[in-house]
Amino acid sequence: MPAVSKGDGMRGLAVFISDIRNCKSKEAEIKRINKELANIRSKFKGDKALDGYSKKKYVCKLLFIFLLGHDIDFGHMEAVNLLSSNKYTEKQIGYLFISVLVNSNSDLIRLINNAIKNDLSSRNPTYMNLALHCIANVGSREMAEAFASEVPRILVAGDTMDSVKQSAALCLLRLNRTCPDLVPMGEWTSRVVHLLNDQHLGVVTAATSLISTLAQKNPDDFKTSVSLAVARLSRIVTSASTDLQDYTYYFVAAPWLSVKLLRLLQCYPPPEDGAIRGRLTECLETILNKAQEPPKSKKVQHSNAKNAVLFEAISLIIHHDSEPTLLVRACNQLGQFLQHRETNLRYLALESMCTLASSEFSHEAVKTHIETVINSLKTERDVSVRQRAVDLLYAMCDRSNAKQIVTEMLSYLETADYSIREEIVLKVAILAEKYAVDYTWYVDTILNLIRIAGDYVSEEVWYRVIQIVINRDDVQGYAAKTVFEALQAPACHENLVKVGGYILGEFGNLIAGDPRSSPLVQFHLLHSKFHLCSVPTRALLLSAYVKFINLFPEVKGTIQEVLRSDSQLRNADVELQQRAVEYLRLSCIATTDILATVLEEMPPFPERESSILAKLKKKKGSGTVSDIEDSRKERNVNANANVNGSSDHTITNTSAKPPPSFACDLLATAPPPTNRPRPIPSSSMLHTPLTPLSPKAYTPQPVTPTVPFYQVTSSPSSDLLGLGNSSAVNSASPPTSSHAASLLVDVFSESLPVAALGSASAHVIEENFSRFVCKNNGVLFESQLLQIGLKSEFRQNLGRMYIFYGNKTSTQFLNFSSSVVCPEPLSSQLNIHMKAADPVLDGGAQLQQILNIECISDFVEAPVLNIQFRYGGSTQNISVRLPVTLNKFFQPTEMTSQDFFQRWKQLSAPQQEVQKIFKAKHSMDTEITKAKIIGFGTALLDGVDPNPSNFVGAGVIHTKTIQVGCLLRLEPNTQAQMYRLTLRTSRESVTQRLSNLLSDQF
Amino acid sequence: MIGGLFIYNHKGEVLISRVYRDDIGRNAVDAFRVNVIHARQQVRSPVTNIARTSFFHVKRSNIWLAAVTKQNVNAAMVFEFLYKMCDVMTAYFGKISEENIKNNFVLIYELLDEILDFGYPQNSETGALKTFITQQGIKSQTKEEQSQITSQVTGQIGWRREGIKYRRNELFLDVLESVNLLMSPQGQVLSAHVSGRVVMKSYLSGMPECKFGMNDKIVIDKQGKGGTTDDAGKSELGGSSGKQSIAIDDCTFHQCVRLSKFDSERSISFIPPDGEYELMRYRTTKDIILPFRVIPLVREVGRTKLEVKVVIKSNFKPSLLAQKIEVRIPTPLNTSGVQVICMKGKAKYKASENAIVWKIKRMAGMKESQISAEIELLPTNDKKKWARPPISMNFEVPFAPSGLKVRYLKVFEPKLNYSDHDVIKWVRYIGRSGIYETRC
């Protein structure tokens, strides 16, 4: 038959293609194509009818030209005509052209859909297949709209051929993927499930894919598929390899179908029915057993297919996570693969093990492979496999093997690929922190980390070291020593310098005793790195220097020299310049006790989620690690609790009692709304130690005349600024020389308006008294001659108070003496011992006096401190009321809501309760109020009062003779700007006194 | 400076690769092939930046010449060099083709060593090069000859050697211009400029000093005002018809021209190289004589038919003959058939170029000719309208469309005994079309 031979050949097409291939240049190719297009256009002109063969040939040519990357804008009609041809080849080319070229073009789509409909309703299976393939290939919304109801009908019709069913299932899968909303779920769904029982394995394979996708969306509709799938799986697994004929692939029975069935089962939890469950377990065991059998063929396809089924079975086992024996067997199987020749297998084994490690049943089993994994980390050639090994090590790490794993990871880090270094660094940092038994090891590890891969240590990591060192006083000395030693290396990484600067600045004193690390040596060591560092690090180092001035007065001169040098004072960078200028002035002007308070040790950081963990999660996205993290988190809760509670420091209860925060304190001491210029509340400043460089927010700010010097945290600066201005109004402030100096003079020389300048003033000064009710440290009194600073601590019924006398003048105070006077009832209630002070107080110097206080019983009055000295020929007398108040002997008590109200009711006698309603003197800020109640000494109980805006506190006052329990409740009314304070204690006098003290504070 | 130079054939295979600087690695060769020669989209820009490396390329038929650099070089200099190199190669072995390059690759490397040193262009004067880079075996040169070459190449006048003798002292002067035009359908000139070259072929004995004069507006005006009559009105070489003077926008000279003299007196004086060379290049934009006018008329008859009528008018002296006239009328992309009727010449629809090409061998001035075509279109489902590209034209006319005239070219050779009058001088004007387009 000539037509057939002609149809097979399509000589014109072959010639055209060979012409194109022989073109020497792009231009020649374009010319040839243009010529061909013109030829086809003239043929399609419609003057004469073309026979099917030529139509097919030209459509083929157009298709080829399109695939070469040229635009085709005609020929669609001819292609659609081909669809109605009766010849398979012509129909096929027509469908091919349409699935490649037709976009959602309105008028043609209707014709195409018609042709497809005709083919679908024809009884010819090849035509139906072609039509279904076209629908699936195009897969557009229009197609879905037109055929979404038709295809399921074909799929479940009884008389459909197997091959058509197969195509229909896959076609439906495609439509479901593109427009799930258009595929209706109907009665066919249940019949689709039964396709799993079909005789023809091809149909089953296609149906399994479809069901898996559908089951992920509506698991309930396809629940019945579980039992069918298990049955099917067990039939496949137990069948002899020859039973399945076409579907046996290199001696493995239907591997694709097995994998798909196993995947389908992963959509559901383990079957509840015992029989099915048993059968499934049997299947999985058989699969695991088969893996142990010797291979039936040496061909790689055989082992690939076998392993594919095996890995899918293992992931099903992991998914179910219910059969310990299976999990352990799976783990052992994977253990064998860890040493397999095939790189892919090693990769897959490591990856699966990662998930296995998070299962409680197999965690121990996974741990037995640690040596192999570490070995693969060292010897593996493929970087992606090494990466998996790192992941697995991270996943299998726990307290018992943490040291080993961290050591191995560190040693690997030296040779690790650059792309994964940062991740390894984060992982090491997290593991070291999480499983640290003693924190010296932790510090060592992190310093090692910085040494090995400093560039990859992100900020979070070294922030974290500092947080931990600050929060844990048992490692501080060790950390200082180690850092000092590490810094002695000739070349250290900048991150190490940062950590070193911070830690030595805080805790350098702990190692200063050793002559090898004397203060001067420490300073020179730090300063030798200074010039090699970037600006933020230099800024940190400058802060460390000024802390040195406080820690070691003997190096003050050297440091001032450094600060004074032009490279600092006139540094081009504003931040450095500002710091240098301000630190220099601070060190020159402030007395030692002020320095001591300003530059006090950092308070412990509040415990929060490890920033490193957050970073790792972010880095990994929603990837595997976070999953592992989540699943492991529960198991790690205990471990974490142990870590945090292992040293009896304040960290565990910091959640209940946050350390005083910067912002609160500043606001708390904001001046009351009086017009009188107030002294600068330097107490607030003293309370907040100078932060070398806030680990959280580092925001350099430009120098402005009135900006205070510790700009590092931004919020309080404005408050201080305001205060500074109000005091500057006072004409008593001396003329200013420089901006920085003026500020400092404002801050420090501002006298109490009433403070005696001249001769003795006998009356007792109580100016700052009330400010100390809720806090322990600060400046009690200040005049132009003298400044008195306080630092006190109380425990149970005992207290110790450090009084710092600062001579603000340049001349000596002679005959300096001080005494504490307790008025009558007080002397029996309070025992105060004071060591005698040095009679001479040099100009600019500071004197410290220690007061030991013992509370015998509850008291009302406060002791008075009398100071006498000779200055410039006249005797000065100053009396200040010491802020020793009853509430200082509070111990906070935590209790539940139930406990609280029970006790509240017990104290219901009228003399036990005092209620006060008063107007708010300060702004009613919740945070400030909370801080004050905590500062008052009681515990702040959250969630006790049904009204969340109310504050409830509880505590016990310890005296030598009795202990008085105290409950308080503060109800703010923001609209009226009023408070109602209710106090209940077991003693009337105590209630009264506390109520007076506390009501003054708000 | 140029870091390396590669020559590729049309397939992107490297024929010549010469790297002058270490910063150009081998991968640069592949980068250009992948990103330019084999680029999915045709690369039109002659300068391509790939990974901080710049590639400057020119194409001669199927051959790509690419200069590569990592530095910020003067692109004009690089292209000048590439063109010069093409000239040199053409002078040595004729047409630049893959065959010729393969046959002469030793010579090309030799030339590349000479004309580019560490990426800096050197003496690329063909005449000078030919004295020491030869294709035949070199006769053992005497000491004097060798030292002569050295002194010439390194001396002040590197482009000419001493002791040249001709029986007939002759020189040929060609003024070659290409005229570019873009015209609106209504006949309004949207842009027009002429770029011209003065090419000289000299066969003169000794070391002659030449002086070249043309109707440069500045010179003519100055003379008119200053009243120095020494050269005025002589214009012994050019015709005296047409405009008196032309305004030259910018010009560049061969290295032999004394620029200081041009700057001060605006006179062009030089000692010419022997043989053929380009004396100057210039550009004018004012008062251009457009040799042809194209009047298009396109009418769309329904969706399936297009009627095109194009009239061309020649606009120069009737005594002159234009040659090699070719009008290219673009057709829509869905053309399925074309019928053409023309009075003169031959017209044909070329499907491979999507255009009707109308060729006329000769046409005298002040004449008119027309073509009409019917184009049948295939209806498409593409809603895009045909972009109507402009009708372009090629031709060659025997005058300078810029109006440039050579007024004189004087030769002085004080040492030898021939005078200006003994030199036989030939002048020729050729005006060609550059991009000569009319929108329709």
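Convention: sequence-line order gives letters A, B, ...; per-chain numbering from 1.
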Checklist entry - Given A:N34 and B:E353, is the side chain to side chain contact (heavy atoms under 4.5 Å, CB included) satisfied, shown in steps? => result CA-CA 7 Å; A:N34 280 337; B:E353 289 155 44; over 6 Å; no
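- Atom CZ of A:R421 has more than 12 neighbouring heavy atoms from other residues, nucleotides or ligands inside a 6.0 Å radius.
- With a 4.5 angstrom heavy-atom cutoff, A:E27 touches chain B only via side-chain atoms.
- Top candidate by heavy-atom pairs under 4.5 Å with chain A, chosen from B:N354, B:L377, B:T335, is B:T335.
- With salt bridges taken as basic N to acidic carboxylate O contacts below 4.0 Å, none links B:E376 and A:R41.
- Between A:S42 and B:S336, the shortest heavy-atom distance links the atoms CB-O, 3.2 Å.
- A 6.0 Å sphere centred on NZ of A:K35 holds no more than 12 heavy atoms belonging to other residues, nucleotides or ligands.
- Scanning all heavy atoms of the two residues, the minimum distance from B:L378 to A:F44 falls at CD1-O, 3.6 Å.
- The candidate from B:H38, B:K11, B:H10 with the greatest count of non-hydrogen atom pairs under 4.5 Å with chain A is B:H10.
- Counting non-hydrogen atoms of neighbouring residues, nucleotides and ligands closer than 6.0 angstrom, the NZ atom of B:K359 reaches no more than 12 such neighbours.
- The neighbour count for B:Y109 OH, taken as heavy atoms of other residues, nucleotides or ligands under 6.0 Å away, is above 12.
- Surrounding CG of A:L68 are more than 12 heavy atoms belonging to other residues, nucleotides or ligands, all under 6.0 Å away.
- For B:E307, the CD atom is densely surrounded, since the number of other residues' heavy atoms within 6.0 Å is greater than 12.
- Interface remark: B:A355 contributes no atoms to any contact with chain A (heavy atom separation under 4.5 Å).
- With values rounded to the nearest 0.5 angstrom, B:S61 atom OG is found 10.5 Å from A:K24 atom NZ.
- Dense packing is recorded around CG of A:N22, with more than 12 heavy atoms of other residues, nucleotides or ligands lying under 6.0 Å away.
- Proximity to chain A involves both the backbone and the side chain of B:N334, based on heavy atoms less than 4.5 angstrom apart.
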